[in-house]
Amino acid sequence: MWKRKRRATPAPPTDSVESKGRADQAETHKRIRVFLDGLELPPAADIRDLLPVVEAYTGRPIQLIPTDPAALPEGIDAQSPCGLWLATAHADHIYYDRTTSRAHADGIIGHELGHLLRRHHKVDEGLLAGVGTLGGLLPDMTPGLIKMLLGRSHYAEPDEAEAETIGSLLLEHIHSSRADLHRDPISRTLLRRQR
């Protein structure tokens, strides 16, 4: 018996604002992919393997600092796992939630690396005024020494959306690097020897 061909259901009309938003997202994604391709990222097994590339690009050392969100001051929402990029005169500090999974922490770090790579320079003055020593996390640092403070929270803002896209593409790069390692017979042999 022949199956009856189903007629394609016509797509509902899309709102022009919504379709423009998708087109903008696609363009941003394409632009960021070209930017990351230009960095010639090496194969990486972990987000931390990409830190030297970012440091070389920015010319600044990066410190990753695992943090307990409960220790953050009231101005930062401790209920949502988050990351924070703090730039001082000499280094970039990335704070991330140490209580979350490794995969989620890598996503947070990737997002903050996105801010670093795109050199986002927005200062959240309200947050900066209330951080003091960032809940004791930075006892030797005052807001006067902080050049930049970015919290991971408002994804609708263009810089946040761009950083989130970069973070996702960095994780995609790591995932594809791992897949390539497992396909390569020499790498498989070396990995077996390490077990």
Side-chain angles (χ1 to χ4, degrees), residues 28-29 31-33 35-36 38-39 41 44 46-174:
T28 298
H29 188 84
R31 181 176 38 83
I32 290 170
R33 190 173 286 281
F35 169 74
L36 290 176
L39 293 178
L41 298 172
D46 185 276
I47 194 77
R48 289 147 189 83
D49 294 342
L50 298 176
L51 291 180
V53 176
V54 179
E55 289 174 330
Y57 181 78
T58 63
R60 296 166 50 86
I62 298 170
Q63 291 185 345
L64 295 180
I65 304 163
T67 305
D68 184 350
L72 297 174
E74 287 181 30
I76 300 173
D77 181 10
Q79 296 302 311
S80 60
C82 65
L84 191 70
W85 165 35
L86 186 142
T88 63
H90 304 290
D92 291 304
H93 308 269
I94 294 176
Y95 294 84
Y96 63 95
D97 184 350
R98 70 173 177 81
T99 64
T100 192
S101 69
R102 175 71 181 241
H104 190 241
D106 287 353
I108 293 168
I109 293 166
H111 175 97
E112 300 306 331
L113 290 176
H115 285 304
L116 284 165
L117 286 167
R118 297 306 285 174
R119 301 176 185 197
H120 295 155
H121 294 290
K122 180 179 177 187
V123 177
D124 186 333
E125 297 294 341
L127 183 58
L128 185 60
V131 298
T133 62
L134 200 57
L137 297 173
L138 303 170
D140 300 329
M141 196 172 299
T142 64
L145 295 173
I146 299 169
K147 300 292 181 194
M148 204 171 324
L149 182 64
L150 292 169
R152 181 180 185 201
S153 59
H154 306 290
Y155 296 108
E157 295 177 12
D159 286 355
E160 290 300 316
E162 187 174 67
E164 192 65 14
T165 301
I166 290 172
S168 296
L169 290 174
L170 290 175
L171 293 177
E172 180 182 294
H173 171 77
I174 291 165

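When atom types are taken as modelled, the side chain of Arg60 and the backbone of Ala89 share a donor-acceptor pair closer than 3.5 angstrom.
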What do the steps show when you test Thr67 against Leu84 for side-chain contact (heavy atoms from CB on, under 4.5 Å), and what is the final call? CA-CA 10 Å; Thr67 305; Leu84 191 70; over 6 Å; no
Do Leu117 and Leu39 pass the side-chain contact (heavy atoms from CB on, under 4.5 Å) test, and can you show the C-alpha distance, the side-chain angles, and the key distance before you say yes or no? CA-CA 10 Å; Leu117 286 167; Leu39 293 178; 3.8 Å; yes
Please determine whether side chain to side chain donor-acceptor pair (under 3.5 Å) holds for the pair Glu160 and His115, giving the CA-CA distance in whole Å, both sets of side-chain angles, and the decisive distance to 0.1 Å. CA-CA 8 Å; Glu160 290 300 316; His115 285 304; 3.1 Å; yes
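Minimum heavy-atom separation, Leu41 to Leu36: CG-O, 4.2 Å. The two residues Ala44 and Leu50 come nearest to each other via the heavy atoms CB-CD2, 3.7 Å. The two residues Ala87 and Asp92 come nearest to each other via the heavy atoms CB-OD1, 3.3 Å. Nearest heavy-atom pair across Arg98 and Pro66 is CB-CB, 3.6 Å. When every heavy atom of Ile108 is checked against every heavy atom of Tyr96, the shortest pair comes out as CG2-CB, 3.8 Å. Shortest non-hydrogen contact noted between Pro61 and His90 is CD-O, 3.3 Å.
Residues meeting the side-chain hydrogen bond (donor to acceptor under 3.5 Å, both in side chains) test with Asp49, sequence neighbours left out: none. Applying the side-chain contact (heavy atoms from CB on, under 4.5 Å) test to Leu171 and every residue at least two apart in sequence or in another chain returns Ile47, Asp106, Ile174.
One distance of note links CG of Leu116 with CD1 of Ile109; it measures 11.5 Å at 0.5 Å rounding. Put simply, CD1 on Ile166 and NE2 on His173 are 14.0 Å apart, with the number rounded to the nearest 0.5 Å. Separation of atoms CG (Leu169) and CZ (Arg33) is listed at 5.0 Å; rounding is to 0.5 Å. For the atom pair His104 NE2 and Asp97 CG, the distance stands at 7.5 Å (nearest 0.5 Å). A distance of 11.0 Å separates OH of Tyr95 from CG of Leu64, quoted to the nearest 0.5 Å.
Residues Ile62 and Leu113 meet the side-chain proximity criterion, which asks for heavy atoms closer than 4.5 Å. Contact check for Asp159 versus Arg118: no side-chain heavy atoms found under the 4.5 Å cut-off. Counting heavy atoms from C-beta on, the side chains of Thr88 and His93 come closer than 4.5 Å.
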